[in-house]
Colleague: 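Pasting in a structure now, in C-alpha cells, and then I'll have a few things to ask.
Proteins get letters first, then strands, A, B, ... in listed order; numbering begins at 1 in each.
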Amino acid sequence: MTRYDPAVTEAKWQAAWDAAGVFTARRDPARPKYYVLEMFPYPSGRIHMGHVRNYTMGDVVARTKAAQGHSVLHPMGWDAFGMPAENAAMERGGHPKDWTYSNIADMRGQMKPLGLSIDWSREFATCDPEYYGQQQAMFIDMMEKGLVYRKNAVVNWDPVDMTVLANEQVIDGRGWRSNAAVERRELTQWFFKISDYSDELLTALDGLHNWPEKVRLMQANWIGKSRGIEVDFPLTAPFAGQSALTCYSTRPDTLRAATFMAIAPEHPIAQALAASDPAVATFCEDCRKGGTSEAAIETAEKLGLDTGLTVRHPIYPEQTLAIWIGNFVLMEYGTGAIYCCPGHDQRDLDFARKYGLPVVNAFHMPGEVNQIDREALVPAKDVTVAYDSHFTGLTLSTAYDAIEASIDWMEARGLGKGQVKYRLRDWGVSRQRYWGCPIPVVHCEGCGVVAEKKANLPIRLPDDVTFDVPGNPLDRHPTWRNTTCPQCGAAARRETDTMDTFVDSSWYYARFTAPHALTPTDAEDAAYWMNVDQYIGGVEHAILHLLYSRFFARAMHATGHLPASAIEPFNALFTQGMVTHEIYQTRDAAGRPVYHLPEDVTDGRLADGTAVEIIPSAKMSKSKKNVVDPMSIIAAFGADTARWFVMSDSPPERDVEWTASGAEAASKFLARVWRIADEVSRSDTPAHADDAELARTTARAIADVTAGIEGFAFNKSVAALYTFTNSLSKSAAGAQAKRAAMQTMAQLLQPMVPHLAEEIWAMLGGTGLVAQAPWPKPDPALLEDGNITLPIQINGKRRAEISVPKDMPNSEVEKIALANEDVVKFLAGQPVKKLIVVPGRIVNVVV
RNA sequence: GCGGGCGUGGCGAAAUCGGUAGACGCUGGGGUCUUAAACACCCUUUCCUUUGGAGUACGGGUUCAAGUCCCGUCGCCCGCACCA
C-alpha cells in the first residue's frame, strides 16, 4: 500500500477487534470498572452527525479508560417507543413494530462502520417485550409502594379527530392534522409520585460535583422550592358554601399592594358561578381554548372576567378586592387562586392596565420615587428596598428578610400559614397511544383497579392493529381489552393507556448492566457496574430526562432493584453541543424560501449556476436541508475522518459547524500521519542530537493529549496531536527515536481515530492491538523546562520580555526587569511607583 | 412570558488561578516541486491613519492588571412537564 486507504483498513481492524472480543464488557474484580454511556438514540432510521459526535466522545473516553487499565462497559440500545412510528404507520401504512425494527437494523448498520468500542452483545430496544415486561413489573412494584396513583389532568383535545394531542402537535392552538382549535380537557391519568422526592432531588443536586453547574441550576429551578404563605381572604358574602378564598403567595411582603384577586377558570368558585351565569360559563369555556403547554399559556393574551364577587383584605379589612377569573392562573400550582400586586409583577401589571385596575407600590427603591407606568418594579430579592408603611413596621429591607418577617407577623396573628411548596408536579405517565409500554393494570367491576399478576407479564402489545382512524388502537381493539381480573377472576377490562416514553429511558442505563436478566436488574451486576461513570448527551435533556432518571433510580432502590449507592445513577454528566451547517437558500416565484442540500451547492452556486443565499449555521435539520449524511462522509473519507472532524475545533460543549473544507483537511491530516509513519518505518538514519528534543516533544504530547481527554476538551487534544505531528515531521532525530515517537503517536491517536492508529501500530511493529496497549505516561523529567519567558508590562501594557531561570527569586527578577533595555527606554527616567512580580507569570511596572 | 446558557480575527477556536489575546486548524495570499496539473512541502494571514495605536457583542464599573469579576443593554441558542 502506498497510500492510506480507509475503506480497506477500517473494515480490516473492525474484524480484528471483533475476533479478539476486545470490547466485550466483563466483570473483573481485579480492575477498577468504568461505565461510559451516551444517551441512546431514537431509531429514526438514519444516523446523523450529532450521533457521530456524541458516540465518538463516549468512544474516546471508553478507549482511553480501557487503555488506562479499567474494565469498561460501553453499551448501546434504542429508545424505540414513541409517536413517529405511529405517524409513519398513518402516513405510509405498515406497522410501527416493523418500521421500528427495520430502522434499528438500518441504524445499527450505519453505526458499526464508525468503529465504536461498543459491547453490542448488550444491545436491546425498549420496545422488546423482554425490556418493557420488566418495566411493567417495576410499575407493579411501584404501585405497591404507593408511588403510583390516578387523578384527573388536562390534555390537549382535538375535537375533530377526537384524539389527544402532544404539545408538539398543537401549532398556534390548532391540531396539526385537523387544524381544529384545540381544547383543554380533563382525563383520568396515571401518575408517579415524584413529588415525594422533591426535597431529596433538590438537596442531592449538591452532591453532583461532576455535573455542569447550569444543569444543576436548571433542575433546582424546575423543582422550584419556595417558601411562602397561604392566606385566607374572607369573601364579603359567602358563596357556593365558601367563606374565604385561599391563596398561596411567595411574596407576602407585597400584600399591602394587592389590588385584585385572580382565580383559575377551573377553580370551584369559577365553576359554581359558571353553573348559574352563562357569561361566566362562556368565559371559562373560552379559557379552555388553546394548548396545555406552559409556554402557550404564558404567551397567550391575558384574559379576565370580573366575577362581581369581592373579598376583604385580611390585613386591611377596610379594603375590598374584586375577584377576577384569569386564563393565566394555573389550577395545578398552589391553590388556583392568587392575589395580584401589579406594582411588583409584570404579568399582573399588564392585566391591571388592560382592565383598568388600580396599581399601588408596596415599596420603592431607597431615595427614589418610582412611579409605576408600564413596567412593574421587580428588583432582585437580595436588593434592599424601602417599604411604604409596611404592616410589620419594616422600612429598609431586602425582600428575603421582608418575606420572613411578613410570614412571622401573619402567623402570629393567625392570618396565614407559612408553607414550603414545590413547582415540581407529579409525573403524568399515561399516554392514549398504541406504540408504548402497556400499563399493566386491569379494571374490574368488583375489585376496581387491580395490578396484573407478575406471572402474566409481559402484557404484550397486540400486533393486529390499524391506524386508519385517529385515536388509540388499543382502546378500540375488539379483543385485547377483554381479560379476567387477576384478583377475582371475573371478566374485566385492560387499561388501554401506555406509558410515557420517558419511563423507558429512565432506567435503560441500569438494564445495560444485565440486559438479559429475568428480573429488571441483577443484583451482582448492578452492584459492580453502577453507577454510570460518565454520561454524555444533549443539553436538551438537562431537565426532564435526567430528573426522571434520578427519580426512577430512587424508586428502583425503594422497590429493591438497585442498591442504595445507585440512587444518583450518573456520577458525571457532560452535555455536548450540536453539529450545525450553513443553510443554502433560493426563493421560488412566490418569494418563498427553497432550501438546497450541501452536496448540491458548489462555490455558492447550484449546478445550473444559480447563486444561493448563505444563511448562518443552524442545527442540521431535514426541513432546512442543511444535513450532511455521515454515511456519505464515511464512503468518501472513512470513519476516522468523520470522527477526527467532530472532535476537532470546537470544544465539545459548544456547537461545531460542519464544513466540507474541514472534512477534507481532516482527511489530509490523517493521510499525512500515515505517510510520516510509513517513512519512519522504512528509515534507518542513525541517532542524532535531536533525539532528546523529540523525546521531550513526545512527553509534552502525552501530557497535553491526556489532559485534553480527561478534561473533556478533545479539541485541545487534537491541537496537541497536530503540534506533535508537525514537530515529528520536522525533527532531524534518528530512525529509532522517530519510531518511538510514532508508536506513542499511535497510542495517542487510538481513542479518536482507532483504525489509522492500529495501522500505524502494526506498521511500526507494535505488539498486539493498539486498542489493548496501555496508555502512555510522560516522563516527568522531560516535561521540566529550566528557563521561562516573563512578559514585562508597563502600566498594564506589554512592553518587553525577559528569559529567566524558573525559580529565580523575585528580587533578582525585579533587577533584571528594570535593567532591561526596552524597559529603560519606555520608562524614560520616570520614577517607578510600584513593581509587581507574579512568579512564573508576569512583571508589571507602574509609573 | 418564565428558567438556563452563549457571544474572542475572514471562519472554527486557544488563553488551567484576574497576569504575553489569537495556540491549533480552515479559508485567502505568496512560493518550491512538476512539461502541466494533482499530491506534497515552505512562508504569510486581527484591524488601522504603522517610530505607533486600537482590539475579546455593546455601554459602564472594580483592579497594578479584565476575554476572565460586577452592573446594565443587545443578539443568538436550549428547556417549559404528551417531541425524543
Colleague: State whether A:R841 places a side-chain N or O below 4.0 Å from either non-bridging phosphate oxygen (OP1 or OP2) of B:rA15.
Modeller: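 For B:rA15, OP1/OP2 do not have a side-chain N/O of A:R841 under 4.0 Å.
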Colleague: Calculate the interatomic distance between A:M39 atom CE and B:rG79 atom C1'; express it in whole Å.
Modeller: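 So the two atoms are 13 Å apart, to the nearest Å.
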Colleague: Decide, yes or no, whether a salt bridge links A:D426 with A:K193 under the criterion of side-chain N to carboxylate O below 4.0 Å.
Modeller: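 No.
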Colleague: Mind checking A:F669 for me? I need base, sugar-phosphate or nothing, with any heavy atom below 4.0 Å counting as a touch.
Modeller: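 Here A:F669 touches no strand at all.
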Colleague: Round to the nearest Å and state the distance from A:R654 atom CZ to B:rA14 atom C1'.
Modeller: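 From A:R654 CZ to B:rA14 C1': 10 Å.
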Colleague: What distance, rounded to whole Å, do you find between the two C1' atoms, one in B:rA14 and one in B:rA23?
Modeller: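 It comes out at 5 Å once rounded to the nearest Å.
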Colleague: Quick check on B:rC24: is either OP1 or OP2 less than 4.0 Å from any side-chain nitrogen or oxygen of A:N726?
Modeller: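 Negative; the distance criterion is not met.
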Colleague: More 5' along RNA chain B: A:K716 or A:I836, using each one's nearest nucleotide?
Modeller: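 This one resolves to A:K716.
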Colleague: Is B:rC17 in the syn or the anti form, by the rule that syn lies within 90° of 0?
Modeller: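 With its glycosidic angle within 90° of zero, B:rC17 counts as syn.
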Colleague: Respond yes when some side-chain nitrogen or oxygen of A:N795 is under 4.0 Å from OP1 or OP2 of B:rA65, and no when none is.
Modeller: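 The answer is no; no side-chain N or O of A:N795 sits under 4.0 Å from OP1 or OP2.
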Colleague: Considering only the C1' atoms, how many Å lie between B:rG79 and B:rU8, rounded to the nearest integer?
Modeller: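 Comparing C1' positions in B:rG79 and B:rU8 gives a spacing of 27 Å.
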Colleague: Establish whether the base of B:rC82 is bridged to the side chain of A:Q432 by a donor-acceptor pair shorter than 3.5 Å.
Modeller: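 Such a pair exists between side chain and base.
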Colleague: Quote, to the nearest angstrom, the P distance that separates B:rC70 from B:rC6.
Modeller: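 One P to the other, the span is 11 Å.
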Colleague: A quick test of your reading: do over 12 heavy atoms of other residues, nucleotides or ligands sit less than 6.0 Å from CG of A:D172?
Modeller: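 Open: at most 12 neighbouring heavy atoms sit under 6.0 Å from CG of A:D172.
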Colleague: Counting only side-chain nitrogens and oxygens, does A:T501 get under 4.0 Å of the OP1 or OP2 atom of B:rA84?
Modeller: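 A:T501 to B:rA84 OP1/OP2: side-chain N or O found under 4.0 Å.
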Colleague: Do the rings of A:H541 and A:H545 sit parallel, tilted or perpendicular, given the 30° and 60° boundaries?
Modeller: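 The arrangement is perpendicular - the two ring planes meet at more than 60°.
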Colleague: Please give the distance between the P atoms of B:rA38 and B:rC33 as a whole number of Å.
Modeller: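 It comes out at 15 Å once rounded to the nearest Å.
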Colleague: Under 4.0 Å between any heavy atoms, over every strand shown, what does A:R423 touch: base, sugar-phosphate, or nothing? Just pick one.
Modeller: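 Here A:R423 touches the bases of the nucleic acid.
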Colleague: Mind checking A:H541 for me? I need base, sugar-phosphate or nothing, with any heavy atom below 4.0 Å counting as a touch.
Modeller: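 Since a base atom lies under 4.0 Å of A:H541, the category is base.
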Colleague: Hey, is the side chain of A:S650 poking within less than 4.0 Å of OP1 or OP2 on B:rA13, counting only N and O atoms?
Modeller: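 A:S650 to B:rA13 OP1/OP2: side-chain N or O found under 4.0 Å.
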Colleague: Once you measure the plane-to-plane angle for A:F192 and A:F551, does it fall in the parallel (<30°), tilted (30-60°) or perpendicular (>60°) bin?
Modeller: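 Answer is tilted, since the angle falls between 30° and 60°.
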Colleague: Side chains of residues 163-170 of chain A: which donor-acceptor pairs under 3.5 Å do they make with residues two or more places apart or in other chains?
Modeller:
residue : atom : partner : partner atom : Å
A:N167  : OD1  : A:N156  : ND2          : 2.9
A:N167  : OD1  : A:T292  : OG1          : 3.1
A:Q169  : OE1  : A:A166  : N            : 2.8

Colleague: If you compare every side-chain N and O of A:R675 against the phosphate oxygens of B:rC41 (OP1, OP2), does one of them come in below 4.0 Å?
Modeller: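 It does, given that an N or O in the side chain of A:R675 lies less than 4.0 Å from OP1 or OP2 of B:rC41.
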Colleague: Are any of A:R433's side-chain N or O atoms less than 4.0 Å away from OP1 or OP2 of B:rC82?
Modeller: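 No, outside the criterion.
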Colleague: Where does B:rG12 land, syn or anti, given syn is within 90° of 0?
Modeller: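 Glycosidic conformation of B:rG12: anti.
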Colleague: Using the C1' atoms only, state how far B:rG72 lies from B:rC26, rounded to an integer number of Å.
Modeller: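 The same atom, C1', in both gives a distance of 37 Å.
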Colleague: With rounding to the closest Å, how many angstrom separate the C1' atoms on B:rA15 and B:rU68?
Modeller: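 After rounding to an integer number of Å, I get 10 Å for this pair.
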Colleague: What is the nucleic acid contact for A:Q189, judged by heavy atoms within less than 4.0 Å: base, sugar-phosphate only, or nothing?
Modeller: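 Result for A:Q189 = base.
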Colleague: Does the side chain of A:W211 pick up a donor-acceptor pair with the side chain of A:Q219 at under 3.5 Å?
Modeller: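 No pair is found: no donor N or O on one side chain lies under 3.5 Å from an acceptor on the other.
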Colleague: Select base, sugar-phosphate, or nothing to describe what A:I297 touches, counting heavy atoms under 4.0 Å on all strands.
Modeller: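 Here A:I297 touches no strand at all.
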Colleague: Any base atoms under 4.0 Å from A:P651, or only sugar-phosphate, or nothing? Heavy atoms, all strands.
Modeller: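 Sugar-phosphate: the residue A:P651, judged by heavy atoms under 4.0 Å, touches backbone atoms but no base.
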Colleague: By the 4.0 Å heavy-atom rule, please label A:K302 as base, sugar-phosphate, or nothing.
Modeller: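 It contacts nothing in the nucleic acid.
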Colleague: Please classify the nucleic acid contact of A:A665 as base, sugar-phosphate, or nothing, using heavy-atom distances under 4.0 Å.
Modeller: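 Result for A:A665 = sugar-phosphate.
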Colleague: So, OP1 or OP2 of B:rG1: does either fall under 4.0 Å of a side-chain N or O from A:R347?
Modeller: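 No, outside the criterion.
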Colleague: Is the distance between the ring centroids of A:Y535 and A:Y509 less than 6.0 Å?
Modeller: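 No, the ring centres sit 6.0 Å or more apart.
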Colleague: Tell me which of A:P43 and A:W222 sits closer to the 5' end of RNA chain B, going by the nucleotide each one is nearest to.
Modeller: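 Counting from the 5' end, the first nearest nucleotide belongs to A:W222.
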Colleague: Contact class for A:N844 (heavy atom, under 4.0 Å): base, sugar-phosphate, or nothing?
Modeller: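 Counting heavy atoms under 4.0 Å across all strands, the contact made by A:N844 includes a base.
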Colleague: Are a donor atom and an acceptor atom from the side chains of A:Q346 and A:D350 found within less than 3.5 Å of each other?
Modeller: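 A donor-acceptor contact under 3.5 Å links the two side chains.
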Colleague: For A:G428, answer base if it contacts any base atom (sugar-phosphate contacts may also be present), sugar-phosphate if it contacts only those atoms, and nothing otherwise; contact means non-hydrogen atoms under 4.0 Å.
Modeller: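 If one applies the 4.0 Å heavy-atom cut-off, A:G428 turns out to touch the sugar-phosphate alone, with no base involved.
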Colleague: Check this one for me: any side-chain N or O of A:N221 less than 4.0 Å away from OP1 or OP2 of B:rG79?
Modeller: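 Answer is no, no contact under 4.0 Å.
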Colleague: So what is the 5' to 3' dot-bracket string for RNA chain B, if pairs are Watson-Crick or G-U wobble with both distances under 3.5 Å, crossing pairs use [ ] and | means the partner sits on another strand?
Modeller: (((((((..(((......[....))).(((((.......))))).(((...)))..(((((..]....))))))))))))....
Colleague: Within the structure shown, what part of the strands sits under 4.0 Å from A:V164 by heavy-atom distance: base, sugar-phosphate, or nothing?
Modeller: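 Since a base atom lies under 4.0 Å of A:V164, the category is base.
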Colleague: Mind checking the P distance from B:rG25 to B:rC43? Whole angstroms is fine.
Modeller: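 That atom pair is separated by 11 Å.
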Colleague: Is A:R431 near enough to B:rA84 that one of its side-chain N or O atoms lies under 4.0 angstrom from OP1 or OP2?
Modeller: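 Answer no for this pair, as no side-chain N or O of A:R431 is under 4.0 Å from OP1 or OP2.
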Colleague: Go through it in stages, so that I can follow the logic: the residues are A:Q432 and A:S430, the test is side-chain contact (heavy atoms from CB on, under 4.5 Å), and I'd like the CA-CA distance, side-chain angles, deciding distance and then a yes or no.
Modeller: CA-CA 7 Å; A:Q432 293 71 39; A:S430 281; 4.0 Å; yes
Colleague: Do the rings of A:W427 and A:Y548 sit parallel, tilted or perpendicular, given the 30° and 60° boundaries?
Modeller: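 Parallel: the ring planes of A:W427 and A:Y548 meet at under 30°.
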Colleague: Please report the distance separating the C1' of B:rC47 from the corresponding atom of B:rG22, rounded so that it comes out in whole Å.
Modeller: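 After rounding to an integer number of Å, I get 13 Å for this pair.
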Colleague: Determine the contact category for A:T299: base if any of its heavy atoms lies under 4.0 Å from a base atom, sugar-phosphate if only primed atoms, P, OP1 or OP2 are that close, otherwise nothing.
Modeller: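 Base, at least one base atom sits under 4.0 Å.
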Colleague: Could you tell me whether A:R672 contacts a base, only the sugar-phosphate backbone, or nothing, with contacts defined as non-hydrogen atoms closer than 4.0 Å?
Modeller: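 Result for A:R672 = sugar-phosphate.
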Colleague: I'd like to know whether the aromatic ring centres of A:F724 and A:Y722 sit less than 6.0 Å apart in this structure.
Modeller: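 No.
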Colleague: Which part of the nucleic acid, if any, lies within contact of A:S44, taking any heavy atom under 4.0 Å across all strands shown: a base, the sugar-phosphate backbone alone, or nothing?
Modeller: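 Since no nucleic acid heavy atom lies under 4.0 Å of A:S44, the category is nothing.
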Colleague: Taking CG from A:N715 and P from B:rA13, how many angstroms apart are they, rounded to a whole number?
Modeller: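 So the CG-P distance, A:N715 to B:rA13, works out to 9 Å.
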